[in-house]
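Below, all heavy atoms of this structure are taken into account, side chains as well, without hydrogens, waters or symmetry copies. The structure displayed is predicted, hence computed values, not measured ones. Letters A, B, ... mirror the listed sequences (proteins, then strands); counts begin at 1.
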Protein chains: 2
Amino acid sequence: MLPAVGRVTLAEVARRAGVSQTTASFVLAGRREEMRISAQVEARVRQAARETGYRPNVVSRSLRTGTTQTIGFLSDTVATTPFAGHLIWGALDAAREHEHLLLIGETEGDPELEKELVEAMRDRQVEGIVFASMYTRWVSVPKGLLDGPSVLLNALPTRPCPIAAVVPDELEAGRAAARVLLRSGHTSGIYVVGVGARPGQVPKGVVAAVERLAGIREVLSGAGVELAGGALLRDWQPQAGYVAALGLLKRKPEPRAFICFNDRLSVGTYQALQDTGRKVGKDVSVVSFDDEPVASWLRPQLTSLAIPHYELGRKAVEVLLSKPGPVPEGTVHRIPMPLRERESICPVEATRKHPLAGWRGPRGPLRG
Amino acid sequence: MLPAVGRVTLAEVARRAGVSQTTASFVLAGRREEMRISAQVEARVRQAARETGYRPNVVSRSLRTGTTQTIGFLSDTVATTPFAGHLIWGALDAAREHEHLLLIGETEGDPELEKELVEAMRDRQVEGIVFASMYTRWVSVPKGLLDGPSVLLNALPTRPCPIAAVVPDELEAGRAAARVLLRSGHTSGIYVVGVGARPGQVPKGVVAAVERLAGIREVLSGAGVELAGGALLRDWQPQAGYVAALGLLKRKPEPRAFICFNDRLSVGTYQALQDTGRKVGKDVSVVSFDDEPVASWLRPQLTSLAIPHYELGRKAVEVLLSKPGPVPEGTVHRIPMPLRERESICPVEATRKHPLAGWRGPRGPLRG
DNA sequence: TCCGGAAGCTAATCCGATTTAGCTCGGGAG
DNA sequence: CTCCCGAGCTAAATCGGATTAGCTTCCGGA
């Protein structure tokens with residue numbers, strides 16, 4: 001290994017090996033046979049490269065070949081949604097398998113910034129751009145995104161666009177949530193938390209809300225069951241869930257099951273149930289969406305439909321790197337949302353007969 | 001705007017403006033005066049650039065100038081620590097202020113991969129590399145990292161190294177945690193969860209554990225107070241905290257305060273307290289570290305010392321971009337950890353007199 | 001009338017690879 | 001004794017800018 005005063009260049013390697021730069025280039029590109037270069041020369045070049053610790057300058061290569069082995073990953077917020085990091089993780093893994101790195105940027109939803117960052121990435125000659133949203137929603141495709149290869153991740157275009165999209169299969173997840181309840185015998189007193197019971201009673205622009213609700217309603221009505229009610233909420237945080245659940249608990253028919261539209265709403269719902277002396281998984285069922293870590297911290301552990309962040313990220317990069325040209329408008333790849341079955345569902349017989357059966361105050365040995 | 005068959009080059013702009021490429025270059029670089037180029041020519045060039053939608057090819061520029069306006073951000077895991085995303089966020093913001101983008105990679109702690117990714121980044125001529133850990137720990141500096149500018153983020157080098165480090169001020173945070181308890185009158189029955197009560201009784205390699213404990217002990221003993229005990233845990237998850245807290249609750253002196261070494265342990269501790277009929281903030285105090293979102297979801301809300309992820313990320317990039325040369329060994333930038341005071345601390349008088357005072361079963365109107 | 005110098009541009013080189021288009025040499029065919 | 005061909009390499013162009021080193025004009029002063 002020689003001193004690293006600047007980096008060793010191909011010319012330097014060639015000189016050491018006593019060949020032309022051309023020859024060195026061909027050897028190191030593995031094109032020896034094709035270029036009819038002798039094995040001895042190959043050996044000399046390789047040795048020189050090894051001895052000098054030669055590494056090709058990717059910038060220079062990129063200029064000539066036009067390929068940077070770099071993908072842009074542009075998202076609205078890396079930060080605020082905790083496990084959205086898995087989106088990046090999946091993308092990173094897929095990228096690495098193709099020997100690519102990820103250039104990232106965060107737009108904070110600002111169209112000006114979106115445009116700026118798309119340009120900054122294209123200026124760096126990225127091979128393509130993944131435009132990601134941290135929760136599934138409709139987005140207006142930023143200016144300039146379509147000037148080169150790109151994919152929407154966890155997002156759908158507001159208007160038809162020649163761009164592929166990768167999203168979780170929210171519709172099927174909604175169906176699965178409903179099936180879980182039907183399977184354990186629930187036929188009435190089923191409430192949704194986060195959206196209203198009717199189609200259209202959803203927070204604006206949230207794909208997940210629309211599709212989950214549609215899936216739920218489809219399966220339930222297929223079994224002749226109707227949602228008993230719901231609470232449309234803008235802010236899907238624990239506090240809002242708590243208040244909404246308390247409200248729903250006063251309604252008729254008495255709630256037997258809650259379908260919470262994310263785990264944070266479930267946290268609030270759990271608190272409401274606990275405060276009103278009900279036991280989750282015994283008196284009332286809770287099914288949730290997202291499967292954030294908190295889902296398995298709760299007691300009893302929460303049954304939830306996971307957002308497959310990692311797979312979403314992977315898929316986006318794979319689509320990007322495989323795609324030869326512009327795709328037919330409206331190409332959407334849907335990734336299944338796995339059901340994580342845990343302890344928050346009760347068989348409905350128990351529920352029916354004794355709403356507060358099993359309630360003997362808080363559990364535990366030291367009970368006062 | 002012309003059709004984007006390939007990109008418009010500077011040569012094209014120059015031709016349109018009827019000047020040489022040199023002139024166009026100087027104008028667009030804002031060096032008109034310096035190069036004594038007339039205002040008319042400047043106007044022509046600028047107009048041509050505007051009309052063609054010219055954007056400089058950063059790859060080409062980089063090759064000539066050696067500056068890529070890109071920083072490498074290499075971390076062990078982007079994914080598993082939810083709010084570590086804020087590290088990236090801060091880095092991203094600081095980078096953007098300097099017109100840089102971030103090239104990211106994830107090493108999963110694999111030294112082979114670390115080396116590979118450091119090289120992949122250097123091959124792309126990054127201006128510097130931020131080597132980040134998602135929780136504060138000692139790391140062995142990966143091979144090749146010191147070949148160019150670099151900073152450790154949320155990590156300290158195991159052996160002395162000419163590299164700067166940016167970490168949260170865990171020692172001072174430990175002190176703050178102890179002060180919170182002293183201030184509200186706690187002088188006995190203080191237990192730590194996650195580490196033992198003695199120095200050295202900490203999970204291996206975790207800086208946070210060592211320094212927090214040192215800070216706690218320093219302030220307590222300054223007030224003539226000793227830790228009553230603790231529970232050294234490898235796995236700082238809710239379940240482990242739950243078990244540990246249940247165990248500590250059987251010890252003498254009876255626990256009046258828990259210092260949990262992260263919020264997940266606090267989640268478990270809350271559950272243990274609830275299961276044993278104690279009320280957090282009334283019977284027992286809990287102070288925590290990290291301030292993950294769950295801290296404010298808990299009831300009562302948890303007092304916690306926040307990890308300033310955003311500021312850490314920012315600082316790392318700023319240090320990287322400002323640093324002219326190799327730094328003196330052991331340069332460490334410590335970022336304060338803000339105390340988020342919430343509802344989990346009780347004034348000690350109440351605690352003293354009536355350990356289970358205020359316990360009337362679960363709160364709420366519907367109690368059975 | 002000649003010269004120096006500034007004003008206003010441009011030709012040419014460089015960055016470090018990849019790639020096209022040869023060039024040289026030796027041997028067998030004619 | 002040429003000519004041709006293939007084996008084995010290399011010279012030179014190229015990618016798209018940044019930068020150095022001039023090269024013309026024109027004007028004023030001697």
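- Taken residue by residue, residues 25-48 of chain A places heavy atoms nearer than 4.0 Å to DNA chain D at Met35(A), Arg36(A), Ile37(A), Ser38(A), Val41(A).
- A salt bridge does not link Lys143(B) with Glu119(B): none of the charged nitrogens is closer than 4.0 Å to a carboxylate oxygen.
- Applying the side-chain hydrogen bond (donor to acceptor under 3.5 Å, both in side chains) criterion to Arg31(B), with sequence neighbours excluded, gives Glu34(B).
- Atom-to-atom, CD of Gln21(B) to P of dT10(C) comes out at 11 Å; the value is rounded to the nearest Å.
- Residues Thr23(B) and Ala11(A) each lie close to DNA chain C; by heavy-atom proximity, the contact nearer the 5' end of the strand is made by Thr23(B).
- The side-chain hydrogen bond (donor to acceptor under 3.5 Å, both in side chains) search around Arg36(A) returns none, not counting sequence neighbours.
- One finds a side-chain N or O of Tyr54(A) lying less than 4.0 angstrom from the OP1 or OP2 phosphate oxygen of dA17(C).
- Sorted by residue number, the members of residues 56-71 of chain B with any non-hydrogen atom under 4.0 Å from DNA chain C read Leu63(B), Arg64(B).
- Comparing the local axis fitted to the first five base pairs of the helix from dT1(C)-dA30(D) to dG30(C)-dC1(D) with the one fitted to its last five gives a bend of 90°, rounded to 10°.
- Checking Thr67(B) against Glu127(B) by side-chain atom types alone, a donor-acceptor pair falls below 3.5 Å.
- Applying the salt bridge (Lys or Arg N to Asp or Glu O under 4.0 Å) test to every pair with at least one member in residues 152-162 of chain A, sequence neighbours left out, gives no pairs at all.
- Between chain A and DNA chain D, the heavy-atom contact criterion of under 4.0 Å yields a 5' to 3' nucleotide range of dG6(D) to dG16(D).
- Among residues two or more places apart in sequence or in another chain, the side-chain hydrogen bond (donor to acceptor under 3.5 Å, both in side chains) test is passed with Thr158(B) by none.
- Scanning all heavy atoms of the two residues, the minimum distance from Gln69(B) to Arg124(A) falls at O-NH2, 2.7 Å.
- Partners of His86(B) according to the ring-ring contact (aromatic ring centres under 6.0 Å, His included) rule, which considers only residues two or more places apart in sequence or in another chain, are Phe83(B), Trp89(B).
- Applying the salt bridge (Lys or Arg N to Asp or Glu O under 4.0 Å) definition to pairs two or more places apart or across chains, those involving residues 67-84 of chain A are Asp76(A)-Arg137(A).
- Here Thr9(A) lies in heavy-atom contact (under 4.0 Å) with sugar-phosphate atoms only.
- Here Leu63(A) pairs with Val59(B), Ser60(B), Leu63(B) under the side chain to side chain contact (heavy atoms under 4.5 Å, CB included) rule; sequence neighbours left out.
- Checked against side chain to side chain contact (heavy atoms under 4.5 Å, CB included), Ser25(B) has the following partners two or more places apart in sequence or in another chain: Leu10(B).
- Under the 3.5 Å distance criterion, with hydrogens and angles disregarded, no donor-acceptor pair is assigned to the side chains of Thr52(B) and Arg16(B).
- For the pair Glu116(A) and Leu113(A), the minimum side-chain heavy-atom distance is below 4.5 Å.
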